[in-house]
Each structure stands twice: as structure tokens, then as C-alpha cells.
Amino acid sequence: MQFKKLFVASVTALLSASVLVGCSSSTSKSQVPKDTIRISEKDVISTMDPSLNTDMIGAQNINNTMDGLYRYHGKELQPAIATNIVKPTNNGLTYTFKLRKNARWSNGDPVTADDFVFAWRRTVDPKTKSASSYLFEGITNAKDITSGVKAANTLGVKALDKHTFQVNLEKPIPYLSALMTSPTFFPQNQKIVKKWGQKFGTNSKTLVSNGPYKLVNWNGTNNSWTEVKNDKYWNAKNVQVRKIQYQVVKDSSTALNLYQSNKLDRVLLTGDISKQMRGNKHYSVIKQNSTYYIELNQKRHSFFKNQKIRQALSLAINRKQLTQKIVGSGTVATNTFNASNMAFDPKDKNKDFTAETNKTAKATATYNLTKAKQLWKEGLKETGQNNKQLHFTLLGDDLEISKQQDEFIQNQLEKLPGLKVSLSNIPFKSRIARAQSGNFDMVVTAWSADFPDPINFLTLFTTNSSYNDGKWSNAEYDRFVNKALNEDANTPSARWEDMKAAQNVANEQVAAIPLYQNGQSFMTHPRVKGVDFGPSGDYNMVSIRIK
């Protein structure tokens, strides 16, 4: 899996005296475009090339303008270019996708199986230098291709005919259907890609769309861009908003001013602005598939191998205070390192993975200083540390918000008798390097899921995982994760139970100390309806409506 250690941006602008709380308008309703939704974005689009994109802004706009085999509608995975949700054959090793015959590119070309074959081969080809090529691992020959051992045309994909696309695997990939919603796996029009070469995806002239919208008047660096309805989209009848306008607004107070003056319909808020608008009826938070947690270096300090010590440290942290008073920006206190609102029980889509493992999570990560001190005392006795002063350093990033966060954690942990915590806040890359090399006592870190499945997080803490910086190890946990990836890979219900069992072990053992789940906070005008944010972390703009 890709190493995505994320950190909260520092946005500390205070609420301007000119900002009015509420939704007053200095722009008449008649001036608000009736067929357009106006949205703020935190930065520019870096690329629209599905093979090269690595950020959520690009992913969202590719998702707006293109279609893959599947698309999320709410929690439900639905066919897009594929005509149905495919069940694998050949013991889970072969997927055969029938494609819609009415799917067209915006230039009139048909969307064919060859477009998928071309796109996937292009992404895994080392010459393309795609940072997302690792996601194809498990597809026949993918790993050998990305490592330069085999040619890209040996990838296990075939166009059986114009509208039949087949994928062959080396081993079952139980989350393959979820991967199909990622822009990395979208088709590409070979004629257009070859025409523009390295310029493909750098401006709207180099693009064709097969999705609900077309990107227009984008020169590659715009602070604003527009997407208009693609009338050649196979599902155009269900796209009811004619135009989406994006505006880059990096300052939250400016974003709120634009919202309150009816110049934007949906704006992203961060920092103190987000905290102050919490409770407004137009305020909402969307959870992201990323969490923050603390890893304890058990290889450097055998003291951390004691379960009661880990539980005590976890119970000593008041996560609600951390998120509401310190971090803000839509973050939500969590008692598990896995993400909520991301994965749902295959037998009941109303049952969230973290809800089904919440009992064990609450027991070890709900703030309880009295219990924490009791476990701490017992842990000290079991490790022979009675009446000793313990001194550890908490490693973190050097962003201002990270420093404030770590100071809060320091204050919380030092309430445990005899514990002294020092802080070391260093640049992101340096923190990553030190964590990977094991040069730390405790480290605040984060993970963002590449696809909406609990296995993203669970594999982090297996004994031999390269991302298990704290070196926590549990044979029972490893066994459950391994079953989910192999023995039960083709049986969704059994696999789900394996992952739940693994998560329960990690919760009880405190494999890592959970802190919070990332989120984004928004103000949204009542005229905007059908905001459809799916498990993959993207909006489905087919669903959006204007009241």
C-alpha cells in the first residue's frame, strides 16, 4: 500500500469582525445562477491525467468528468460503464466485465474494452512513472511490470471483444470492486492520449470526458474552473445540474464571507472559523478515510510491550477536548485506528465496521483518568518500574497545529504518576524517516485509505508490515488478517468476520493509540441538495441537485 502519512493543515485565521454569523446576503437571489452550483476548493488541480494524479482534488474532478466500471451512489456500489456488478469466476481469479454499448466519449468516440486495456497498461508501465501503479498488484504480472521485469502488454487484462473487458489475477483481490471506483482504474482514450503526449491532462484542450461533466476553460493553473454537463454521457438524463463552478479559496474567513454574500454555495472551513461555525444549521462535517494515532516503539522500549501500560496511555487522553478545542477543522474523536463511514457489513449496509467493533474500542480508548492511573500502576509493577521516573519523547510534525496538538497530548499523559514527556516537532519528511528507522519513543502519525475497505488499516499492524513502526506484534491478529486476505478472500461474510476479529484484538491490545478521524467541515446553502459523498472519499456529482 502507498505510504500516505497525512497531517492537519495549520489554518489559524481568526473570525473577521466583518464576518456575520448566519446566511445574510448582499447578492440578490436573481443574481444567483439557477443552473449552477458554486463550490470552494482548497487548491488548484495538479493534473487531470488518471495515471498521474495523486491527490483528492484531482481525483474529485476526474470523478466528475469520467466514469469507470463502477460508481458509488451513497453506500451502494453501482455499475457505471459496466452493465452489472461482476462476480469473479475461476476461484476468484477472473473478472469479466460487460460494457455499456451506449457509453461515449465527449468527442463521440465509443468507450470500449480497449480503452481500459490501454489505460491499465499505461499506468503500470514504469515509463509513465505513476505513483499509483502499486494498486494493480495482484493482477497477473503487475508487480513484475512495475519492477521492470516484464513488458506492460503482459498485464492480465484483455479486450475479449469491443464491449467485454476481462481481468485475470494471480491471487484473489477481495476489494477489487471497490478499486474500480478509483480514477486510477478509469478508461483512457488512446487516440487523445497519444495525440497530446506529456501534455495530456494538463489543460482542458487535451481532455475528453466519458462522465457526467466536461472540464472547460482550464489552462492547468487556474484558481477557478468550470464543469458543464456532458450531453454524451450514457447517464445524462440523471444529471440535472448544468454547471459546476469551482473557486480556490485558501483562507477560511474569505470563504465564509463569500458564502454569506451568496457568491459561493458550498465552502470548506478550517481552523478557528470551523470551530466558531459549529452548531450553525448550514454547518456539516464529512468524515474522511484517514485517522491519526500514536505508535509506541516496542523495539526500543520493552516497557511498551505491557498491555496495561498501553491501555493506560490510551485512556489518559481526552479525545473530545483534543478535537473540539485544539485541532478542529472537522476532525472527530475516535476510539479506533480504522475509519468510520467507510466500510459496511456485506449482510447489512446500515452496519458500519467501526460500530460493529466499538465495544472493544470504547473499553480501551474512552477517556478515564482514574482507570488509566490504576492500569498504569499495575503496569509499572508488572514491568518492575515501581517508583521510577519514566521519560519519553513524543515525535511529531513542526506545523503550528501539530505543536498545539502534541502539547495537549503531553499535558494529558503527564497526569500519569512519574511520567515525563518531551516533545520533538520536526519537518514532515524528517519525522517519516525517523519513524521508519525506529528512531523514536512515541510518534503521532496518520494513515489515509487507498480504497474503502478496513483491510487498508488492518494490514498496517501485522508483524512484518513495513509500516508497523511501533513493532507491535500479535499472532492471533496476524492470523485473522491473513485469513481475510487469503482463505476467506472469496467469501464476503467470512472475510468481514475475520476483519472484525482482527480489529477487536487490536482494540483490546492497543496496537496503536487512536486519536481522531480526519474530516472536512462545510457551510452549504439550502438550495444545494443531493450532496452524495461515498465511501471512496469522492462526491458523486450525478446525484447533486438545485432546489
Side-chain angles (χ1 to χ4, degrees), residues 6-27 32 37-45 55-57 59-61 223-224 244-292 319-334 339-341 399-402 404-405 446 448 515-533 537-539 541 544:
L6 302 182
F7 293 86
V8 177
S10 177
V11 181
T12 57
L14 296 176
L15 187 62
S16 166
S18 64
V19 175
L20 303 177
V21 176
C23 288
S24 59
S25 172
S26 61
T27 302
V32 177
I37 290 177
R38 303 156 302 165
I39 302 172
S40 80
E41 188 52 272
K42 59 186 177 182
D43 213 333
V44 300
I45 300 172
D55 63 67
M56 291 305 298
I57 297 172
Q60 181 61 62
N61 286 277
N223 282 317
S224 62
I244 301 173
Q245 290 180 341
Y246 285 91
Q247 175 66 52
V248 175
V249 185
K250 296 186 179 182
D251 178 72
S252 270
S253 60
T254 301
L256 188 58
N257 270 319
L258 290 169
Y259 174 79
Q260 292 177 332
S261 61
N262 260 347
K263 293 178 181 177
L264 288 175
D265 300 306
R266 182 169 167 85
V267 296
L268 174 66
L269 303 181
T270 58
D272 291 335
I273 301 296
S274 174
K275 295 176 192 176
Q276 294 185 42
M277 296 309 294
R278 187 186 296 125
N280 186 287
K281 64 180 180 180
H282 299 148
Y283 177 93
S284 64
V285 170
I286 287 181
K287 292 181 179 179
Q288 297 177 307
N289 297 342
S290 65
T291 59
Y292 278 73
R319 293 157 179 82
K320 287 187 177 180
Q321 283 190 4
L322 174 61
T323 55
Q324 294 179 8
K325 295 184 178 181
I326 308 298
V327 184
S329 298
T331 56
V332 180
T334 185
S340 63
N341 285 11
L399 296 174
E400 187 59 34
I401 193 65
S402 299
Q404 295 173 17
Q405 163 190 277
S448 180
L515 295 174
Y516 54 85
Q517 183 169 344
N518 257 337
Q520 290 184 319
S521 58
F522 295 89
M523 296 291 286
T524 306
H525 196 285
R527 72 191 287 263
V528 178
K529 302 295 181 182
V531 177
D532 183 0
F533 188 80
D538 292 327
Y539 296 94
M541 288 302 186
I544 204 161

*Asks:* For R278, enumerate each residue passing the salt bridge (charged side-chain N to carboxylate O under 4.0 Å, His left out) test, keeping only those at least two apart in sequence or located in another chain.
*Replies:*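 Expected list: none.
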*Asks:* Determine yes or no for a side-chain-to-main-chain donor-acceptor pair under 3.5 angstrom, with Q520 supplying the side chain and G330 the backbone.
*Replies:*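 Checked: no pair found.
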*Asks:* Below 4.5 Å, heavy atoms only, C-beta onward: do R527 and V32 meet side chain to side chain?
*Replies:*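 In short, these two side chains touch, coming nearer than 4.5 Å.
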*Asks:* Quick one, H282 and P526 - any side-chain contact, counting heavy atoms below 4.5 Å?
*Replies:*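 Contact flag for H282/P526 side chains = yes.
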*Asks:* Just verifying a value: how many Å separate D43 CG and M56 CE, rounded to the nearest 0.5 Å?
*Replies:*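 Atom-to-atom, D43:CG and M56:CE are 14.0 Å apart.
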*Asks:* With a 4.5 Å limit on heavy-atom distance, are the side chains of V327 and L322 in contact?
*Replies:*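 In short, these two side chains touch, coming nearer than 4.5 Å.
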*Asks:* Which distance, rounded to the nearest 0.5 Å, do you find between the CG of L515 and the OG1 of T331?
*Replies:*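 Rounded to the nearest 0.5 Å, the CG-OG1 separation comes to 10.5 Å.
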*Asks:* So does V332 get a backbone contact from the side chain of T323, meaning a donor-acceptor N/O pair under 3.5 Å?
*Replies:*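 Here the side-chain-to-backbone pair does not exist.
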*Asks:* Please report the C-alpha distance between T270 and S252 in whole Å, then the side-chain angles of each, then the deciding distance to 0.1 Å, and finally whether the side chain to side chain donor-acceptor pair (under 3.5 Å) criterion is met.
*Replies:* CA-CA 6 Å; T270 58; S252 270; 3.0 Å; yes
*Asks:* Under the salt bridge (charged side-chain N to carboxylate O under 4.0 Å, His left out) test, which residues partner K275, sequence neighbours left out?
*Replies:*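 Residues passing salt bridge (charged side-chain N to carboxylate O under 4.0 Å, His left out) with K275: D272.
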*Asks:* Could you pull out the closest heavy-atom pair between Y246 and E41, with the gap in Å?
*Replies:*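 Y246 and E41 have their closest heavy atoms at CD2-CB, 4.3 Å.
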*Asks:* Are the side chain of S521 and the backbone N or O of L269 linked by a donor-acceptor pair below 3.5 Å?
*Replies:*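 Yes, the answer is positive, given that a donor and an acceptor are paired below the 3.5 Å cut-off.
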*Asks:* Parallel, tilted or perpendicular: which fits the ring planes of F522 and Y539, with parallel below 30° and perpendicular above 60°?
*Replies:*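 Geometry flag for Y539 against F522: perpendicular rings.
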*Asks:* Hey, can you tell me if Y516 and Y292 have their rings parallel, tilted or perpendicular (30° and 60° cut-offs)?
*Replies:*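 Rings of Y516 and Y292: parallel, under 30°.
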*Asks:* Decide yes or no for H525 and N262: does some side-chain heavy atom of the first lie under 4.5 Å from some side-chain heavy atom of the second?
*Replies:*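 The answer is yes, as the side chains (C-beta and beyond) meet within the 4.5 Å cut-off.
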*Asks:* Not counting sequence neighbours, which residues clear side chain to side chain contact (heavy atoms under 4.5 Å, CB included) with V528? List them please.
*Replies:*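 Side chain to side chain contact (heavy atoms under 4.5 Å, CB included) list for V528, sorted by chain: I37, D265, T524, V531, I544.
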